[in-house]
Amino acid sequence: MERFTGSFTQQEPIPEAAIAAALRVMQSGRLHRYNTTPDEIAEAALLEEEFAATTGARYCLAVASGGYALATALRALGVQPGERVLTNAFTLAPVPGAIASVGAVPVFVGVTEGLVIDLDDLAAKAEGVRVLMLSHMRGHICDMEALMRLCDARGITVIEDCAHTMGAAWDGRLTGRWGAMGCFSTQTYKHMNSGEGGLIIADDPTLMARAVLLSGSYMLYGRHRAAPPPEAFADLRLTTPNISGRMDNLRAAILRPQLADLPRQCTRWNERYRVVEAGLAETPGLTRIKRPAAEGFVASSFQFLLLDWQPEAIHAVIARCGARGVELKWFGAPEPVAFTSRYDSWTYAPSAPMPATDRILHGIIDMRLPLTFSVEDCAQIARIIRAEVSAVFQGDTSAPDLTPRAD
Ligand SMILES: *Cc1c(COP(=O)(O)O)cnc(C)c1O
């Protein structure tokens, strides 16, 4: 019986060019973004400029984390304590956490079988709400034309959580470029790796001037190259609180070579995704996620559904795959393991049950697809999942082979 021996949490090494750039920053000792010599441009400022150019955004700000980026976007929009903010019922904890961090109240919108936000549920819950924090969770992108039509008609401002969609697009337009602000993460498990880090893009000068000041620019915002002109700061500079969350030059130096390499990496991710997807075709009991033609996704993980399966059977699949080295996560587990991803785990935000969404959440199985896996690894992983899902579906719930792993 074949067994997979790779690690689902092992990312690729930081590229040599990035290591060299990081060494130069460390040798200079000037890690703080505003600690520059007169003729020097900070790595953080260069990263912002390059990310703005890559995405086509007018402005970009580099910050300490993706979660910080989301909270900063809410603050820049003036979201008030007690205000209700729409967001996805299927997302990760930093998203409702960002809303809670400004004292606002998440209002959860349901998920479809395509793993995207349910636009009918969104329309039903939109009354009296000013902001939607849209999470492109696990890289699944909803019909952005339809979503923006719905939100524009109601005067709802959209913040995009692009933690899983760096480089991805809907109908040729990049995620992060549909809403008023796009927020990205450069935490280790995302598309670029600086350990921790975040990026915000926007076209609106007032929103971005607020974000820059909020991030802790002091009166040094003039050193930003992908920021609005000084006039945009005039009325804000003394009234906007400093909530420090800057990115440092070390992280920026590590990210710039990765940004240059992003298109190549995106192709590699999707090659791996397509191999797993093809390997799971027509597996009894398993529902693959349909990817619309307009969705230019960038996969860094893989999801499938075990719709309407009994919990014991899902447990059996997870255990049997785990015993063969394939680490699956059951997002729908009644007790969250490792991290939370469903609305009823976040009990600080009250929510009414959503039966249609609960049915989907109950069946979502998730798997990371790091670039350290070869295409052959992905084919093997798919064979193992296929065999174990089929076995359990056909009634074999015998105990998995739990022989200790060699590693
Ligand atoms: C990782 C992540 C974030 C936030 O990222 P951090 O940089 O870890 O704060 C936001 N949304 C989603 C969906 C994420 O997976």
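Predicted, not measured: the structure shown is a model, and the values here were computed from it. If you read the sequence from its start, that first residue is 1, and numbering goes on from there. Both ligands and their constituent atoms are indexed starting at 1 by order of listing.
A cation-pi geometry, defined here as NZ or CZ lying under 6.0 Å from the six-membered ring centre and within 45° of its normal, holds between R368 and Y189.
Side-chain contact annotation: Y218 with R223, donor-acceptor N/O pair under 3.5 Å absent. Defined by atom type and a distance below 3.5 Å, a donor-acceptor pair is present between the side-chain atoms of Y221 and R237. When only modelled atom types and interatomic distance are considered, Q380 and R383 share no side-chain donor-acceptor pair under 3.5 Å.
Scanning the protein heavy atoms around atom 4 (C) of ligand 1, the nearest turns out to be G67 N, 3.6 Å. In this structure, atom 11 (N) of ligand 1 lies nearest to the protein heavy atom D161 OD2, 2.9 Å.
Among the atoms of V95, none of the N or O lies under 3.5 angstrom from an N or O of ligand 1. In terms of polar-atom proximity, T91 is not counted as a contact of ligand 1, lacking any N or O under 3.5 Å from an N or O of the ligand. Note: no N/O pair closer than 3.5 Å links T186 and ligand 1 by distance alone. Residue G66 has at least one N or O atom closer than 3.5 Å to an N or O atom of ligand 1.
A donor-acceptor distance shorter than 3.5 angstrom exists from the side chain of R154 to the backbone of L150, with no hydrogens or angles considered.
Annotation for ligand 1: atoms under 4.0 Å from non-hydrogen atoms of A163 are 2 (C), 3 (C), 10 (C), 11 (N), 12 (C), 14 (C). Interface atoms of ligand 1 facing H164, defined by a heavy-atom separation under 4.0 Å, are 13 (C), 14 (C), 15 (O).
By the salt bridge (charged side-chain N to carboxylate O under 4.0 Å, His left out) test, R130 pairs with E83, sequence neighbours left out.
Ion pair R30/E40 flagged as a salt bridge, since at least one NZ, NE, NH1 or NH2 atom sits closer than 4.0 Å to an Asp/Glu carboxylate oxygen.
Of the candidates S185, A93, S300, S185 brings a heavy atom nearest to atom 7 (O) of ligand 1. The option from R138, Q187, K190 that lies nearest to atom 3 (C) of ligand 1, judged by heavy atoms, is K190.
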